[in-house]
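Have a look at the structure below before the remarks.
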Amino acid sequence: MSSEQLWQMVLSELELAMPESSFQTWFNNTSVKSIENGLVIINVPNIFTKEWLEKKYSKEILTILKNLDYNIREVEYIIDYSIKPSAYKNSSKKSRSSSIKNIGSVGDEDLKLPGLNIDAKTGLNSRYAFDNFVVGSFNELAHAAVSASVQNLGVSYNPLFIYGDVGLGKTHLIQAAGNEIKSLYPNLSILYVQAEKFTNDVVHALQHHKMDDFKERYRSVDVFIVDDLQFIAGKEKTQEELFHTFNSLYEKNKQIILSSDRPPRAIPELEDRLRSRFEGGMIADIGSPDLETRIAILKEKLIQKKASLDDEILNIVAKNFENNIRELEGALIRVLGLIKMTNTLPSVEIVSKWLLSTSSQSNKNISSKNIIEVVSGFYDIDEKLILSKNRRQEIVKARQISMYLLREILRLSLPSIGQKLGNKDHSTVIHAIGKIENGLKKDENLIEEIKKIKQKLYR
Ligand code: ADP
Ligand code: MG
C-alpha cells in the first residue's frame, strides 16, 4: 500500500465516523507527506488545522493508522503553505483587539467521533429526528406531508415523494420519519435504503442467484424508504426490481417514502410505469431556507453542539450560505473552531474573511478557464479584455479578482497565474492578490461579489 493509499483509507474511516461537515472542515485539504521509520507526516493547510488535528483527532488518527500498518507509532502534522495562501496569518492578533463581549461557549460535541449511529437492520441513523429538524416556509409542505404519512401509515400519502436540491434536508426528513415510526410502532419493520445500495443489492442478488432472498428482504417490510432515487436513472434492472417491490408493498398498503434531487418527471431514463407510480401519491418539494430560518437552523445546531454564539456572527454565517444547509453547518463549525482556537470573539470582518478563505468546497471541476469565464460573466466584461493590457478600472478589478481566485482556489504559482492572464509579470500578480486580500478585510461589496462569484463557480 502506498502512503497515499494509506492516508486515503484513514480518511474514509474518519469520514464514516463523523458528520460530513466536520470531515470537510478538517480533512479536506490534508495529504500524506512521508512515512519513515514509523513516523507519518501529514500535510495540512494552516496552523489552525494543525493545532486542531493535534489536539482533537490525533489519538483516533493514530489508532486507525496502527490498525492499517503495524509499524506506525507516531503522527506529525506540518503546514504546507503551498496548499493554501495563509489567509489566516494575523487574524488572531487582530481579533484580540476587537471588543470581547460574550464570546459564548464552544462545546466539544462536534469533536468526538461518534462512531456509526446507524442501525444495521433498518438503515436508520438516530441523529436524524423531527426534534432537531427546523421547519420554515421552504420545507413546510414536505414536513407536513411526512408527518401526515407517519400518523396514517399507508393511508394518507402513498407513495410520498420528496424532492429538493442537495443539502436541503431530504435525508434528514425521511430518516426522521423512519425513526419516528420506529418509536411509535416498535413492531413494524422499517427499511431505509439509499437507491445506490438498492442497486448494488440487485446486482449482487443477480450475480449470486439470490433473487429470492432479495425479494424476501425488500417485500416483507412495513415501511420502505428510498433515498436519492435519481441514482436509478438509466438502470433498467434496478428499475424493474423497484417496480415489483413497489407494487408488492403498495398492494399491502405499506408506506413508501421516496426522495430525489428532482421531481419524477425530471428523472431521465426512468420507465414510464415507475414514473406514474411515483406520481400516483403525494409529491412535495423542499426549497431554499430564508435568512430567518437559516439563523434558526444555526441556533438548533448550536444547541446540539452545546455551544452558543453572538447573534451578529450567526447573522454573518447565515448570510453567507444560502442554498445548502450542509454548507451552512460546516461554516458554523469553522467559526466555532476559530473562536475556540483564538479564544476571542472575532470581528465580523474576520469571520467573513475566515469563511471565504476556509471554504472547503471541492475544486475538482474548476479550471482556470472556468474562473476567468465566470469572473468576466459576472462583471459583464469581455474575456479578451481581462487578458489584455487594458487599464480601465473595472477591467483591472476583474483581472485582479481572477488572479486572486486562481491562487486561492487552484493554488497556482505566481508565474503561472501571470501567464494564464495574458502573460503578466509575477510582480503584477503579487500586487493584484495583495490588493484583493486587503479589500476583503474591509470592503463589504467586494466580499459579497467574491462570494457570489464562488457560488457560481461551485454550482
Ligand atoms: P439532503 O439529503 O437533501 O442532501 P441532508 O438531509 O443530508 O440533505 O441535510 C444536510 C445537513 O443539513 C444535515 O446535517 C441535516 O441535519 C441538516 N439539515 C437539513 N435540513 C435541516 C433542517 N430543516 N433543520 C435542521 N437541520 C437540517
Ligand atoms: Mg441526502
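Just so we're clear, the structure is a prediction, and the values are computed from it rather than from any experiment. As the structure lists them, so they are numbered: ligands from 1, and atoms in each ligand from 1.
Checking only distances, Gly167 does come within under 3.5 Å of ligand 1, N or O to N or O. In terms of polar-atom proximity, defined here as any N/O pair under 3.5 Å, Gly169 does make such a contact with ligand 1. The N/O atoms of Leu168, backbone and side chain alike, include one that comes under 3.5 Å of an N/O atom in ligand 1. Polar contact check, Tyr128 against ligand 1: no nitrogen or oxygen pair lies under 3.5 Å apart.
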Discussion item. side-chain hydrogen bond (donor to acceptor under 3.5 Å, both in side chains), that's the test. Do Gln230 and Tyr163 meet it? Break it down for me.
Written reply: CA-CA 10 Å; Gln230 72 277 1; Tyr163 74 92; over 6 Å; no
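Protein heavy atom at the shortest distance from atom 16 (O) of ligand 1 is His172 ND1, 2.7 Å. Atom 18 (N) of ligand 1 has Ile325 CG2, 3.4 Å as its closest protein atom, hydrogens excluded (heavy atom only). The protein heavy-atom contact nearest to atom 26 (N) of ligand 1 is Lys301 NZ, 2.9 Å. In this structure, atom 7 (O) of ligand 1 lies nearest to the protein heavy atom Arg326 NH2, 2.7 Å.
By the 6.0 Å and 45° rule, Arg277 does not stack over the aromatic ring of Tyr250.
Listed by atom number, the atoms of ligand 1 under 4.0 Å from Asn139 heavy atoms are 23 (N). Listed by atom number, the atoms of ligand 1 under 4.0 Å from Asp165 heavy atoms are 3 (O). Against a heavy-atom cut-off of under 4.0 Å, Val166 is close to the following atoms of ligand 1: 4 (O). Which parts of ligand 1 touch Phe133 is read off a 4.0 Å heavy-atom cut-off, strictly below it: atoms 20 (N), 21 (C), 22 (C), 23 (N), 24 (N).
Rounding to the nearest 0.5 Å gives a distance of 5.5 Å between CD1 of Ile450 and CD1 of Ile436. Considering CD of Gln304 and CG of Asn132, their distance stands at 4.5 Å, rounded to 0.5 Å. Between the NZ atom of Lys182 and the CD1 atom of Ile190 there is a distance of 7.0 Å, given to the nearest 0.5 Å. Leu274 contributes atom CG, which lies 11.0 Å from atom CD of Glu279 (distance to the nearest 0.5 angstrom).
Put simply, the side chain of Val150 does not reach to within 4.5 Å of the side chain of Gln255, judged on heavy atoms.
Not a single heavy atom of His143 lies less than 4.0 angstrom from ligand 1. Heavy-atom separations between Glu329 and ligand 1 include at least one value shorter than 4.0 Å. Within the structure, the closest approach of Asp261 to ligand 1 does not fall below 4.0 Å when heavy atoms are considered.
No donor-acceptor pair under 3.5 Å is formed between the side chain of Ser260 and the backbone N or O of Pro263.
For the residue pair Tyr185 / Asp222, no side-chain donor-acceptor distance below 3.5 Å is found, with atom types taken as modelled. Side-chain contact, Tyr218 with Glu216: no donor N or O sits under 3.5 Å from an acceptor N or O.
Considering each of Val134, Asn132, Thr171, the one bringing a non-hydrogen atom nearest atom 2 (O) of ligand 1 is Thr171.
Classification of the Phe224-Phe198 ring pair by plane angle, with boundaries at 30° and 60°, yields tilted.
Taking 2.8 Å as the threshold, Thr171 counts as a candidate ligand of the Mg ion (ligand 2), since one of its N, O or S atoms lies below it.
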